[in-house]
Amino acid sequence: MVPMLYSYCRCLLSLSLGITLSSWAAAGLAAPAPRALAGDGSEINVSQAETEALEPSDPVVVPEGSPAAGATEPGLEPGEEAQPLGAGETTSSSPGNGPLIPQSDRPTDQGFVTPPDYLTPTPNPLLVPTRPEEVEILGTQPLSLETALDLAYRNSETLRAAQLQLERSQAGLRAQQATQLPTVDLGADVQTSNQSSSGGGGTFDSTSTTAGATLRTDYDLGLSGERSARIRAAERQVRITELQVEQTREELRLNTTTDYYAVQEAIEQIRINQAFLDAAERNLRDTQLREEVGVGTRFDVLQAEVQVANARQTLTQAISQRQISQRQLARRLNIQPSIDLTTLAVNIAGAWPLSLEESIVLAFQNRAELEQFLVERELNDAQRQASLAAVRPNLGVFAQYGAQSLLTSSSGASSSIDDGFSVGAQLNWRLFDGGAARAIAAQSEIDIETDESEFENARNDIRVQVEEAYYTLVSNQSNIDTASVAVNQAEEALELANLRFNAGVGTQLEVINAIRDLTEAQGNLVTAVLEYNRALARLERSVSNLDTPTGDTPETVEE
């Protein structure tokens, strides 16, 4: 009897979440090889969770023409067990030459040398879908975090806009650099003139047509300093936009990572809540059998029914959260609207090799925000110099060649060509402008002081960001160890609760509480791991310019 009960309890506890972190490093934080959260090969199929969360009267609708509509179609419906699409895999298209959908049976976490069409933005950015089938979800593509980041860098319209701003600033710099070269102007004109003269008892009219051309070159010697100041300002503007591109890329990386972990968390919550619902339904069936044979009470049955109802409601909410998180990730990656995304298994993302003090100093050295304020200070100083140049003397030199020819004349004058060449210098000096130049320069001086204050504020904020992420990382590393122990203890407690209840010395309430404690412990473990990963991502962003601090790519370890 006891072995049979033990086997039943082991069947009830098919979900095992065993993750441990140990071996703290003296210089910072260290973690062992990452481990997957799905243990003993007992993953919960998401489609099964969705189906069981529906009421029996709710039909499961399979859209016509979707890859799951026929038995021979190997495509994926939303919520089905997703299979990744390899870089060299082929795809199939939906009826009516619709968008390509994922179709692969080979699991992989490799990226794409050239992403397939369904993972790239719509070629026409102004296209707006007008039919429901154009936004229908036709397939689900699993992605690793590295692949998701690569797609985000490729597809993000925000990053593209920042890069266009950089190109615009570079064009402005070229325009200012062009002022270092002389200008050459060519002018030509044709004119007809009529002259009247009287004398000798009559009036005489003469008409003539002349043509002329002028070639002139001018060069500003830059005596006032305005030209060099504007070139420096344009160079600083280019550097500012380069730093803005770097900031946009770093923010995109953090946001994509956060959205990816949100999908992982939602999927893990579905798996945990599905396991809790299965356990609650088994408990309800056993309680009903006990009531039928007279060894249980109606009160125990009602408690078990309430537990099942609550578990089903929690599972439904988790499914909804997964769908929302998946669409947010798809929006972040800017893929076509007919494709949904899912993630690989949850694992510990890595370790942080630096101490808190080293992280703060490295952040001060790397963060683009700090350099940006310094460059803006230089930009405002260059603009101040350009403003003051308006009341300084400016010297330019020029050379001009002109030619003029008489084309026709009614007086009978012979055609001739007259030409001439001249060179010279021209001095311009505005002696009084009402104080406008110095007023504009004073504005730039105030902007310089503002940049210095913002630099100080950004420096303090960066330190707080690094400290917050580091402390969160430390606490969640400890929480992972604690939650792992709690899961093992909760599993043992549930086994004992079931044995006590079957032996007649325990109560149904003890079993219900043990199931709830196990679910809570499993959820705490998942939360601790994902919060650790999020803190690591924030720490990388706070320090910046670090892709993977450990230099290793985390791998999922399957048991």
Engineer: How many angstroms lie between CD in Glu250 and CG in Asn255, if you round to the nearest 0.5 Å?
Structural biologist: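 Nearest 0.5 Å value for the CD-CG distance: 11.5 Å.
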Engineer: Could you tell me whether Glu510 and Arg516 have a side-chain N and a carboxylate O separated by less than 4.0 Å?
Structural biologist: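 No salt bridge links Glu510 with Arg516.
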Engineer: Got a donor-acceptor contact below 3.5 angstrom from the Glu251 side chain to the Thr248 backbone?
Structural biologist: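 Such a contact is absent between Glu251 side chain and Thr248 backbone.
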Engineer: Closer than 4.0 angstrom, basic N to acidic O: yes or no for Arg253 and Glu540?
Structural biologist: yes
Engineer: With the threshold set at 4.0 Å, does a side-chain nitrogen-carboxylate oxygen contact exist between Arg312 and Glu281?
Structural biologist: yes
Engineer: Distance alone, cut at 3.5 Å: any donor-acceptor contact between the side chains of Gln165 and Arg160?
Structural biologist: no
Engineer: Indicate yes or no: does Asp259 engage Arg331 in a salt bridge with an N to O separation below 4.0 Å.
Structural biologist: no
Engineer: Salt-bridge test for Arg534 and Glu265: reply yes if a basic N is under 4.0 Å from a carboxylate O, no otherwise.
Structural biologist: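 Answer for the salt bridge query: yes.
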Engineer: Using atom types as modelled and distance alone, determine if a side-chain donor or acceptor of Asn283 lies under 3.5 Å from a backbone N or O of Ala279.
Structural biologist: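 It does not hold such a pair.
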Engineer: Step by step, work out the side-chain contact (heavy atoms from CB on, under 4.5 Å) result for Glu146 and Leu149.
Structural biologist: CA-CA 5 Å; Glu146 291 74 14; Leu149 291 173; 5.6 Å; no
Engineer: Between Glu291 (side chain) and Thr297 (backbone), is there a donor-acceptor pair under 3.5 Å?
Structural biologist: no
Engineer: Whether Arg290 and Asp286 form a salt bridge (side-chain N of Lys/Arg under 4.0 Å from carboxylate O of Asp/Glu) is what I want to check.
Structural biologist: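 A salt bridge is absent here (no side-chain N lies under 4.0 Å from a carboxylate O).
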